[in-house]
Colleague: 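I'd like to ask some things about the structure below.
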Amino acid sequence: MRGSLSSVFDSELYSSLFTQPEMKQIWSDENLIRCWLSFETTIARVQAELNIIPMQAADEIADTCNALEIDWPRLAADTRSVGMAIKPLVDQITDAGTPLVKRYLHWGCTTQDLLDTALAMRVKQSLILLRSQLVALGESLRTMALAHKATVMVARTNSMDASATTWGLQVSSYLGEVARHIQRLDALYPSAITGLFGGAVGNLSSVGQHGMETRRNLMQALGLSTPVGMMNASQDNVVQVVQFFALVHGTLCRMANDVENMGRASVAEVREGEGGGGSSTMPHKTNPRASNMIQTLSRMGWMYASGSANLLDQQDVRAASMRVLNWTVLPEAALALSASLDRACRLVEHLVVDRQRMRDNFSASKNFIMSESVSMALADKIGRDEGYHIMKALLKGADGSQDLQQLALGCERIRETLTEEEIIAACDPSSYLGCNDALIDETVAFFDSIDKTLKA
């Protein structure tokens, strides 16, 4: 029935805001079943090659799995009864299979082997996608940082005008974080894609002397990392992934916050250029919907990160109740991050930057934010402390009728120390950018040094 779906991830109304198509497919039921069937065919092939089961059985298991038409209503009903979907799926494969399939399917496996290994398979797919999105965002930020190296703007600290900077340098700070996120992803990737094969209690007893070799060959065939020791009760790798997602959300939210604040009519230094965001009642109003959605998705990501530690609440060889949380926490966390990265890429690519407005906004403080520049020019000749106090006294007595340059040129103590040319230069924002270009170039070089292809 149309309109019957309630989750924002599947809703006909909201799904496009909360999901990215490729990531949604990764975490679909269809892909989940595909991963489970891949596990069953692969473990059978590995065991046949080790003479644990007949090769003919492995062939027939593969044929049956490849031709299987899932009875979804039956699978859902049986899952509701059993509490897990693995036995119901194995039952359907068995019912559709030959005598050899019935005898050797799922040999030596337990439900958790399929659950955790399929999870690792989809985490691998997710991280590959997310990495490509991070690289794409980084490339857009790199382009913008270089294009705006000399775009002077007011730097703000604690929400107050502080000194001079450039939009390029501000953007490069986002780029630096994105580059570090790529490094973090690469570092956690090997452990994040660790599968599981241990049998009923994790000691590989069901496959005997071939246990270690079976596990190693299975993981190699599936393109996953091999567990070290028994990991049945361990969920730290999964939690680490969700926590990593939270770090990326931090960068995206900061970008969104800056765009939202800088887009206010009173500031008007940037604006979202995708279109849309209109008000239902105010014709003049265009809301920053990309920034808003990134902020929302970030809060969702931090919520998942906060809750993910509950997966570590295990006991004995394993406990199902906490593990079931990864059926929702990890998929939704991945969907939220991918959707946010997609939105962030479009935000940067379409962002409209008003260079002139950025320069004009220095007048909001009467250019007083260049006081440090004048103070340091004085410090070169009379010392930092005296230069600071001259400027402090000058600004304290200002009535707002003059800007900084006018005040400085009219101050006898300053004119005794600095020439008119030196005063004018010190009041010019473009003269007080320090190592702006070098810092941008350094960040760009750092991003460029990262291999853009994941070594899977």
Side-chain angles (χ1 to χ4, degrees), residues 144-174 176 257-259 261-271 351-444:
M144 180 171 285
L146 292 175
H148 290 279
K149 257 188 178 182
T151 303
V152 179
M153 63 174 288
V154 175
R156 301 173 179 93
T157 61
N158 299 315
S159 299
M160 302 296 290
D161 291 1
S163 188
T165 188
T166 68
W167 178 234
L169 185 59
Q170 178 70 13
V171 171
S172 75
S173 72
Y174 311 141
N257 290 344
D258 287 346
V259 170
N261 288 329
M262 292 168 65
R264 292 175 177 175
S266 56
V267 180
E269 293 173 342
V270 301
R271 71 176 186 274
L351 191 67
V352 178
V353 180
D354 191 331
R355 289 177 168 88
Q356 188 59 50
R357 181 71 179 196
M358 286 182 169
R359 189 61 178 252
D360 292 345
N361 279 343
F362 282 87
S363 63
S365 69
K366 295 288 185 178
N367 266 46
F368 284 10
I369 66 171
M370 297 307 299
S371 64
E372 184 191 50
S373 174
V374 180
S375 177
M376 292 307 296
L378 290 169
D380 280 341
K381 298 185 178 183
I382 60 176
R384 194 207 69 83
D385 187 63
E386 186 175 354
Y388 175 84
H389 283 97
I390 289 175
M391 290 303 300
K392 187 76 172 179
L394 178 66
L395 297 180
K396 184 177 181 180
D399 61 8
S401 63
Q402 295 180 301
D403 63 22
L404 181 67
Q405 181 174 301
Q406 293 169 324
L407 287 171
L409 288 172
C411 176
E412 184 177 345
R413 295 187 67 188
I414 294 177
R415 291 298 297 267
E416 290 174 351
T417 307
L418 300 175
T419 67
E420 181 175 335
E421 290 74 16
E422 288 173 331
I423 293 172
I424 293 173
C427 292
D428 181 1
S430 62
S431 71
Y432 200 63
L433 298 176
C435 299
N436 176 81
D437 290 4
L439 290 167
I440 294 172
D441 290 342
E442 182 178 60
T443 305
V444 168

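Being a predicted model, the structure only gives us computed values, none of them experimental.
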Colleague: Of all heavy-atom pairs between Val154 and Ala162, which one has the smallest distance, and what is that distance?
Modeller: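 Val154 and Ala162 have their closest heavy atoms at CG1-N, 4.4 Å.
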
Colleague: Between OG of Ser172 and NZ of Lys149, what distance do you get to the nearest 0.5 Å?
Modeller: 10.0 Å

Colleague: Considering non-hydrogen atoms only, spot the tightest contact between Ala398 and Leu407 and give its length.
Modeller: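 Looking at all heavy atoms of both residues, the shortest contact is CB-CD1, 3.8 Å.
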
Colleague: Decide side-chain contact (heavy atoms from CB on, under 4.5 Å) for Met358 and Thr166; before the verdict, give the C-alpha distance in whole Å, the side-chain angles of both, and the deciding distance to 0.1 Å.
Modeller: CA-CA 9 Å; Met358 286 182 169; Thr166 68; over 6 Å; no

Colleague: If I compare all heavy atoms of Leu378 with all of Met391, which pair ends up nearest, and what's the gap?
Modeller: CD1-CG, 4.1 Å

Colleague: Which heavy atom of Trp167 sits nearest to which heavy atom of Met262, and what is that distance?
Modeller: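 That closest heavy-atom pairing would be CZ3-CE, 3.5 Å.
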
Colleague: Should the heavy atoms of other residues, nucleotides or ligands under 6.0 Å from CZ of Arg271 be counted, would the total exceed 12?
Modeller: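 Result for CZ/Arg271: open.
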
Colleague: Do Leu433 and Leu169 come close enough that some side-chain heavy atom pair is under 4.5 Å?
Modeller: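 They are not in side-chain contact.
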
Colleague: Rounded to the nearest 0.5 Å, what's the gap from SG on Cys411 to CG on Leu418? Could you check?
Modeller: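 The CG atom of Leu418 is 10.0 Å from SG of Cys411, to the nearest 0.5 Å.
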
Colleague: Could you pull out the closest heavy-atom pair between Asn367 and Cys427, with the gap in Å?
Modeller: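 Closest approach of Asn367 to Cys427: ND2-O, 3.5 Å.
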
Colleague: For Arg355, does its backbone N or O pair with a side-chain atom of Thr151 as donor and acceptor, under 3.5 Å?
Modeller: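 Checked: no pair found.
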
Colleague: Calculate, to the nearest 0.5 Å, the distance between atoms CG and NZ belonging to Leu404 and Lys366 respectively.
Modeller: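 Leu404 CG to Lys366 NZ: 11.5 Å, rounded to 0.5 Å.
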
Colleague: Given the rule in the side-chain contact (heavy atoms from CB on, under 4.5 Å) test, do His148 and Val171 qualify, once you have shown the distances and angles that lead to the verdict?
Modeller: CA-CA 9 Å; His148 290 279; Val171 171; over 6 Å; no

Colleague: Tell me the closest heavy-atom pair linking Gln170 and Tyr174, and the distance in Å.
Modeller: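 Closest pair (atom of Gln170, atom of Tyr174, distance): NE2-OH, 3.3 Å.
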
Colleague: Does the side chain of Ile424 come within less than 4.5 Å of Glu421's, by heavy atoms?
Modeller: no

Colleague: Under 3.5 Å, side chain of Arg357 to main-chain N/O of Val267, donor-acceptor pair present?
Modeller: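 Yes: the side chain of Arg357 pairs with the backbone of Val267.
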
Colleague: Ile390 vs Ile382, test: side-chain contact (heavy atoms from CB on, under 4.5 Å). Steps then yes/no.
Modeller: CA-CA 11 Å; Ile390 289 175; Ile382 60 176; 3.6 Å; yes

Colleague: In the structure I gave you, are the side-chain heavy atoms of Asn361 and Arg156 within less than 4.5 Å of one another anywhere?
Modeller: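 SC-SC contact between Asn361 and Arg156 confirmed.
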
Colleague: Let me see the working for Gln406 and Ser401 under side-chain contact (heavy atoms from CB on, under 4.5 Å), right down to the final yes or no.
Modeller: CA-CA 9 Å; Gln406 293 169 324; Ser401 63; over 6 Å; no

Colleague: Kindly compute the distance separating CD (Glu420) from CG (Leu409), expressed to the nearest 0.5 Å.
Modeller: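 Reported to 0.5 Å precision, the distance equals 5.5 Å.
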
Colleague: Determine whether Glu386 and Arg413 make a side-chain contact, defined as any pair of heavy atoms from C-beta on separated by less than 4.5 Å.
Modeller: yes

Colleague: Could you check whether any side-chain heavy atom of Val374 comes within less than 4.5 Å of a side-chain heavy atom of Gln405, counting everything from C-beta outward?
Modeller: no

Colleague: To the nearest 0.5 Å, what is the distance between SG (Cys435) and CG (Asp437)?
Modeller: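 That separation rounds to 9.5 Å.
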
Colleague: When you compare the side chains of Asp161 and Ser365, does any donor N or O come within less than 3.5 Å of an acceptor on the partner?
Modeller: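 No.
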
Colleague: How far does CE of Met376 sit from CE of Met370, to the nearest 0.5 angstrom?
Modeller: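 Reported value, rounded in 0.5 Å steps: 12.5 Å.
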
Colleague: For the pair Asn158 (side chain) and Met160 (backbone), establish whether a donor and an acceptor sit closer than 3.5 Å, ignoring hydrogens and angles.
Modeller: no

Colleague: Counting only heavy atoms not in Lys392, do more than 12 fall under 6.0 Å of its NZ?
Modeller: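 No - once you tally the heavy atoms of other residues, nucleotides and ligands closer than 6.0 Å, there are 12 at most.
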
